[in-house]
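Small disclaimer: the values here were computed from a predicted structure and weren't measured.
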Amino acid sequence: MMTVREAALRKIAVGDIFHASMRPNSGPSYICLALQVHEDRIFARRTTIQSVHWFDRRTGVEIDDDRVVIDSIEPLPDDVREIVLGLDQKYREDEYRWADDPDWEPPEGSSRLTPDQRRAILFIAKFYSAHPLPPRQ
């Protein structure tokens, strides 16, 4: 029989943004974009630093690091979602530039967050913790 948590994780689709964190809750925030969804796992990219992660679709636990766990799948408001997708694109483009030229340096000040980006990050910090998935059993 499927748990409530597993049923919720099964709702994740390609293109969805969800949140994971390191356990115990003292670790970094993982704002993730689902890139592939398979029967037994989810492949996602962390939008802020572009790292990629495989999560078990039944438990939400990262396959390579069992300290990282999906803790919320609540959809973001449209405006915040668009800001997160914009940050993901910006950081992905930076990764491509570094891959092409390891000596590439971003322009001065380009890594600073805009007021809207700061607003979105501060919103996310409260939003996901207010909409948690049921705990793992």
Residues Val37 and Ala13: closest non-hydrogen pair is CG2-C, 3.8 Å

* Can you get from Phe127 to Ile121 by hopping between Ile, Leu, Val, Met, Phe, Trp and Tyr side chains that sit under 4.5 Å apart? -> yes

- Query: Are any of the side-chain nitrogens in Glu6 or Arg10 under 4.0 Å away from the carboxylate oxygens of its partner?
  - Reply: yes

Separation between OH (Tyr96) and CD (Gln50), nearest 0.5 Å, reads 8.0 Å

Look at the side-chain heavy atoms of Ile, Leu, Val, Met, Phe, Trp and Tyr, link any pair under 4.5 Å apart, and say whether Leu85 and Phe123 land in one connected group.
yes

key: Arg119 bridged to Asp116 by N-O distance under 4.0 Å   = yes

With no hydrogens and no angle check, is any side-chain donor or acceptor of Arg58 less than 3.5 Å from a backbone partner on Asp40? no

Carefully, step by step, assess Arg57 and Ile12 under the rule side-chain contact (heavy atoms from CB on, under 4.5 Å). CA-CA 9 Å; Arg57 195 163 177 206; Ile12 295 175; 5.7 Å; no

query = Are Phe43 and Ile17 joined in one hydrophobic group, where the rule is that I, L, V, M, F, W and Y side chains link up if heavy atoms are under 4.5 Å apart?
reply = yes

Only residue of Ile83, Ile31, Leu33, Thr48 satisfying side-chain contact (heavy atoms from CB on, under 4.5 Å) with Asp88 is Leu33

Note: Gly60 and Phe55 closest approach over all heavy atoms is O-CD2, 3.4 Å

CG (Leu122) and CD (Gln117) are apart, to the nearest 0.5 Å, by 12.0 Å

Only residue of Arg45, Arg46, Glu62 satisfying side chain to side chain donor-acceptor pair (under 3.5 Å) with His53 is Glu62

May I ask you to check whether Ser21 and His19 show a side-chain donor-acceptor distance below 3.5 Å? no

**Prompt:** Under 4.5 Å between side-chain heavy atoms, hopping through other hydrophobics if needed: is there a path connecting Leu133 to Ile42?
**Reply:** yes

Are any of the side-chain nitrogens in Lys90 or Asp94 under 4.0 Å away from the carboxylate oxygens of its partner? yes

